[in-house]
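All values below were derived from every heavy atom in this structure, side-chain atoms included, with hydrogens, water molecules and symmetry-related copies excluded.
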Amino acid sequence: PLALILLTLFQIEYSKDKCTGISFIDSTILKVCDNRRIHSHKVMKDFAKRGKSSTGWFYGFKLHLITNDRGEIISLHITTGNVDDRNLNMVAKLTKGVFGKMFGDRGYISQKLFEYLFQNKIQLITKIKSNMKNKFMNTYDKLMLRKRAVIESINDELKNICQIAHTRHRSPANFFVNLISGIVAYSFLPKKPSLHLDKNFLMAS
């Protein structure tokens, strides 16, 4: 437990990278137990909450991430599982220091969120839902939306290589130490999921 404060300070100081003007936003769930054991789970009962993702209901937390085109983590925020990805208070904290174009999935479709980010020099670009009117989008934005899977690859590496998610924690402190240390470890990986955009492509954008 004593390592948690030091790890958090280290992560804030050394394992966050700079925004390049191209960023991707996403969240991933962190289950603390199987759904069948929610009512009997005691370790995280004062912290975790039930939430719903694209894969169904879960009990635990959410890790919200913003990354750049080089696969580096710009910003992160940890919330309980019931916090909406479009929560303005959470997004305000998450997007500090972010500028330019930010690409997200359909879960970030919100007029209020778009207007808030636009006022803060961030253009949020998402795919549209099937029941929405089609809007003009330039070729560059369409291409970058297809590249949004890079942040999903980052979430996959955080869970399967850095092992930030498992359901065998014996205390809340253990959960957060494991989570922060996994995020710090990711920043030191020699190869990260990246778009490898050249300078000419960036200038054209």
Side-chain angles (χ1 to χ4, degrees), residues 11 14-29 53-55 62-79 83-162 164 183 186-205:
Q11 188 272 325
Y14 295 105
S15 64
K16 285 187 179 180
D17 291 278
K18 295 180 179 180
C19 181
T20 62
I22 301 172
S23 55
F24 301 88
I25 185 171
D26 197 15
S27 67
T28 187
I29 64 172
S53 70
S54 58
T55 57
K62 279 185 178 181
L63 174 63
H64 304 265
L65 289 177
I66 295 180
T67 66
N68 59 25
D69 57 284
R70 298 193 292 259
E72 300 165 336
I73 296 174
I74 302 171
S75 180
L76 62 91
H77 197 67
I78 304 163
T79 66
V83 174
D84 195 297
D85 291 348
R86 298 164 293 186
N87 183 285
L88 288 181
N89 292 329
M90 182 275 297
V91 173
K93 297 175 182 177
L94 189 64
T95 54
K96 285 183 178 179
V98 179
F99 60 89
K101 295 187 176 185
M102 185 167 70
F103 299 86
D105 60 20
R106 293 182 179 90
Y108 292 93
I109 295 176
S110 166
Q111 187 64 29
K112 287 184 178 180
L113 179 59
F114 176 86
E115 292 174 355
Y116 170 80
L117 293 173
F118 193 78
Q119 291 173 358
N120 288 274
K121 300 180 180 180
I122 302 171
Q123 182 184 0
L124 177 62
I125 301 170
T126 65
K127 292 183 178 180
I128 62 173
K129 294 181 179 179
S130 58
N131 61 348
M132 295 173 64
K133 291 183 178 179
N134 195 14
K135 294 183 178 180
F136 174 77
M137 185 181 298
N138 62 44
T139 304
Y140 171 80
D141 291 345
K142 288 182 179 179
L143 176 62
M144 294 306 296
L145 271 177
R146 293 176 184 175
K147 301 291 186 181
R148 199 197 64 81
V150 67
I151 194 170
E152 295 176 359
S153 297
I154 291 170
N155 285 330
D156 183 68
E157 290 199 3
L158 283 169
K159 287 185 174 181
N160 297 307
I161 297 177
C162 301
I164 65 169
I183 293 169
Y186 172 82
S187 67
F188 288 97
L189 292 179
K191 291 185 179 180
K192 300 179 179 69
S194 174
L195 299 185
H196 303 291
L197 302 179
D198 58 35
K199 293 182 179 180
N200 292 330
F201 184 82
L202 293 173
M203 290 178 66
S205 66

- Any chance you could lay out the side-chain contact (heavy atoms from CB on, under 4.5 Å) test for I22 and F103, step after step, and finish with the verdict? CA-CA 8 Å; I22 301 172; F103 299 86; 4.2 Å; yes

- Side chains of L117 and Y108: closer than 4.5 Å at any heavy-atom pair? no

- Which atom names give the shortest non-hydrogen contact between C162 and L189, and what distance separates them? SG-CD1, 4.3 Å

- Expected output: side-chain D105 to main-chain D26 donor-acceptor under 3.5 Å: no

- Task: For the pair K147 and D69, find out whether any cationic side-chain nitrogen is under 4.0 Å from an anionic carboxylate oxygen.
- Result: no

- Query: Looking at CE of M102 and SG of C19, how far apart are the two atoms once the value is rounded to the nearest 0.5 Å?
  - Reply: 9.5 Å

- Task: Can you sort out the partners of D141 under salt bridge (Lys or Arg N to Asp or Glu O under 4.0 Å), two or more places apart, ordered by chain and number?
- Result: K101

- Are side-chain heavy atoms of L158 and L65 found at a separation under 4.5 Å? yes

- Here the pair of heavy atoms bringing T55 nearest to I29 is OG1-CD1, 4.4 Å

- Please examine the side chains of M144 and F24, heavy atoms only from C-beta on, and report whether any two atoms are closer than 4.5 Å. yes

- Side-chain donor-acceptor pair present, Q119, E115, cut-off under 3.5 Å: no

- Atom of Y186, atom of I73 and distance for their closest heavy-atom approach: CD2-CD1, 3.8 Å

- Query: Do I25 and L94 have side chains that get closer than 4.5 Å, going by heavy atoms?
  - Reply: yes

- Y116: side-chain contact (heavy atoms from CB on, under 4.5 Å) partners, not counting sequence neighbours: L88, A92, N120

- For the pair S194 (side chain) and G71 (backbone), establish whether a donor and an acceptor sit closer than 3.5 Å, ignoring hydrogens and angles. no

- Can you see which heavy atom on K192 is nearest to which on R70, and at what distance? CB-O, 4.2 Å

- Message: Parallel, tilted or perpendicular, judged at 30° and 60°: which one describes the rings of H77 and H64?
- Response: tilted

- Is the backbone of I109 close enough, under 3.5 Å, to the side chain of R86 for a donor and an acceptor to pair up by distance? yes

- Nearest-0.5 Å distance that lies between atom OG in S23 and atom CD in E72: 12.5 Å

- Query: Closest heavy-atom contact between L63 and I164?
  - Reply: CD2-CD1, 3.8 Å

- Message: Quick one: does any side-chain atom of K62 pair with a main-chain N or O of V83 as donor and acceptor, under 3.5 Å?
- Response: yes

- Item | Atom pair CZ/CD1 of F114 and I122 - distance to nearest 0.5 Å | 11.5 Å

- Checking D156 side chain against K159 main chain: does a donor-acceptor pair fall under 3.5 Å? no

- Item | Side-chain heavy atoms of I66 within contact of T95, under 4.5 Å | yes

